[in-house]
Amino acid sequence: MNTVFADAAGGPGAAAPPQAKPLGTTLVTLVRREFWEYRVLWLGPLVAAALVALAAISAHVNFDFTHEHNSKLEMLLSPAGRLGVSTFAQWVLSIPLYLIMLFVLSYYLLDCLSAERRDRSILFWKSLPVSDGLTVASKLLTAFVVVPIGVFLLAMVTYFVFALIIAVRVAIGTAPDLLVFDAVSWLQLEIIMLGELILGVLWYAPAAAAMLLLSSWVRRPVLWATLPTIFAPVLERIAFGTHHVWNFLHYRTVGIWAILLHDLNINPERMQSQTLSSALMQQLHFGAAFADAGLWSGVVVAAALVYATIRIRRYRDET
Amino acid sequence: MTAVIEARGLAKSFGAKRALDGVSFSVQPGRIVGLIGPNGAGKTTALKAILGLTPFSGELSVLGLDPRTQRDRLMREVCFMADVAVLPRWLRVRNALDYCQGVHPRFDRSIAAAFLEKTDIQMDSRVRELSKGMVTQLHLALIMAIDARLLVLDEPTIGLDLLYRRKFYDTLLNDYFDKERTILLTTHQVEEVENLFTDIIFINHGQVALAASVEELGERYKQLTTTTETAPRARALQPFYEREVFGRVAMLFEGRSAAELGTYGELRTPSIADLFVAKMAGSAST
């Protein structure tokens with residue numbers, strides 16, 4: 001075998017076999033390619049961010065000056081209260097971005113390996129020296145790392161823009177001065193949100209990998225992803241009177257958050273002595289969540305599904 | 001010299017249909033080989049086997065590599081263009097170049113850019129905005145910029161008008177092909193490209209019906225044009241195909257010398273198209 005190969009590669013007139021492009025260059029190119037094809041990957045979160053930031057222009061706080069609310073109002077306007085409001089806003093403003101990301105990435109994962117089969121462009125991609133493993137890796141890198149980190153940074157910027165618009169409105173007297181910036185609190189919450197993001201990526205990895213597998217496998221991945229998820233629990237209920245499927249879906253949706261938020265008790269009364277972000281830092285069970293067996297067995301399942309996806313893309317011939 | 005492609009006993013079935021039924025052939029470097037056969041003969045399946053795009057049984061070595069297990073390495077030295085324009089519609093011309101540059105170790109962007117300069121294709125256009133001919137030109141530009149040892153083309157000009165087809169093959173022959181490179185091409189339009197080939201492989205019902213260089217064809221096959229009166233005597237020399245046109249009879253012989261046939265009429269080397277028709281008619285009746 002060896003001699004045959006040496007002969008073919010180094011025979012008369014034959015140039016040395018070309019080295020592959022550096023892995024980094026190839027991966028960067030492959031990920032860029034994903035953003036060319038799926039502009040929604042960056043347009044979706046960007047539009048959501050713009051809407052959230054612009055909401056600051058019309059954001060409106062109703063003050064009720066009847067006396068029974070006065071104590072609450074006082075608390076809200078105290079330095080500790082304003083910090084709590086700021087931290088809350090920092091968190092709540094990121095939610096629309098992550099929700100949009102969830103939709104965009106689901107669509108992306110279901111479509112990315114199906115689209116190239118539909119338009120037969122897979123024959124073009126496969127005519128270039130990019131392995132199926134690398135192709136699938138680039139999709140995972142896009143969905144699991146590049147887009148989540150991008151959205152994380154975008155959420156950060158969005159909050160600053162939001163706060164800036166509010167500050168301008170405070171200056172011209174059309175909004176109450178509720179937002180304050182405290183570096184420690186801000187950083188604490190960013191760290192918490194980053195932790196949650198990593199936890200979320202790991203927790204939803206098997207679902208994401210299943211979508212990718214469907215994308216490489218079936219003709220209508222969106223249908224295959226939605227219909228069984230909706231009807232399997234209903235059918236199980238009707239046929240057997242049990243709800244294992246439902247329980248399982250419910251567990252894979254919120255299971256990790258139940259662990260993270262277990263016994264969470266945020267009491268506004270205590271905000272005078274402890275900031276919201278420190279309270280969260282103290283009470284969230286990141287250790288337990290990251291040590292959860294369900295989390296890591298999900299990651300193992302995801303790896304197996306990704307392996308199956310690569311095999312299908314490598315050996316499937318339907319063009 | 002080591003063969004670029006060495007195939008022995010390739011077999012592949014789709015259900016009961018045998019797409020490849022023991023196909024053996026070899027392709028030498030620096031040749032332009034036509035893989036010719038009717039629809040469903042197994043041409044595309046053979047090409048897919050060579051490119052590692054489909055599982056099969058049998059022995060196959062391409063540039064000394066096994067396409068089944070060493071596909072990723074193989075594709076660094078093999079270029080491939082499928083039957084219809086398979087460039088995705090959303091792709092921008094500029095990005096197509098960016099992409100090839102980013103993933104292919106032997107892609108020379110300046111060659112592709114220079115080629116595109118001579119066309120009406122704009123760098124900012126998307127594939128969906130280009131005509132079919134222009135998409136093929138774009139694909140050709142990408143292929144020309146890749147320094148590959150083997151180029152595989154599967155019906156590359158199907159659906160294009162004559163001007164584009166002619167330009168395509170002229171470019172391929174004048175600007176791309178050299179003695180270091182090998183081209184394997186399938187086509188329906190044999191008449192149009194027969195001067196291009198140095199070798200031909202006829203494939204039918206998943207089997208190789210004929211494999212020879214063009215020089216060998218001239219030695220092995222003769223076409224005799226004779227009158228209906230002389231035809232019965234010539235028939236004694238066992239032509240494997242004949243047809244009558246306007247009172248003249250054209251007969252194809254294998255392995256007969258010019259001296260044997262010369263007395264019955266005009267002799268010439270049959271065109272690849274004539275040979276193809278004759279061979280396919282022969283194998284269809286068996």
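Within every chain, numbering begins at 1; the chains are lettered A, B, ... in the order of the sequence lines, protein sequences first and strands thereafter.
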Review point. Under 3.5 Å, is there a donor-acceptor pair between the side chain of A:Arg311 and the main chain of A:Tyr307?
Key: no
Review point. Who wins among B:Val152, B:Ile143, B:Asp98 for the most heavy-atom pairs under 4.5 Å with chain A?
Key: B:Asp98
Review point. Is chain A contacted by the side chain of B:Ile146, its backbone, both, or neither, given a heavy-atom distance below 4.5 Å?
Key: side chain
Check your understanding: Is the backbone N or O of A:Pro129 less than 3.5 Å from a side-chain atom of B:Arg73, with the two atoms forming a donor-acceptor pair by type?
Key -> no
Review point. What part of B:Arg181 lies closer than 4.5 angstrom to a heavy atom of chain A: side chain, backbone, both or neither?
Key: neither
Revision key, fill the gap. So, the part of B:Pro88 with a heavy atom under 4.5 Å from chain A: the answer is both
Practice item. Could you check whether the rings of A:Phe124 and B:Tyr99 sit parallel, tilted or perpendicular, using 30° and 60° as the cut-offs? Key: tilted
Exercise for review: Decide yes or no on side chain to side chain contact (heavy atoms under 4.5 Å, CB included) for A:Trp224 and A:Arg219, but give the supporting numbers first.
Suggested key: CA-CA 9 Å; A:Trp224 277 98; A:Arg219 206 170 275 276; over 6 Å; no
Review point. Are a donor atom and an acceptor atom from the side chains of A:Thr142 and A:Tyr38 found within less than 3.5 Å of each other?
Key: no
Check your understanding: What part of B:Val4 lies closer than 4.5 angstrom to a heavy atom of chain A: side chain, backbone, both or neither?
Key -> neither
Practice item. Give a yes or no answer on whether the side chain of A:Lys21 reaches the backbone of B:Gln101 with a donor-acceptor pair at less than 3.5 Å. Key: yes
Revision key, fill the gap. Ranked by heavy-atom pairs below 4.5 Å to chain B, first place among A:Glu37, A:Arg33, A:Lys126, A:Arg314 goes to A:Glu37
Exercise for review: Name the region of B:Leu51, side chain, backbone, both or neither, that has any atom closer than 4.5 Å to a heavy atom of chain A.
Suggested key: neither
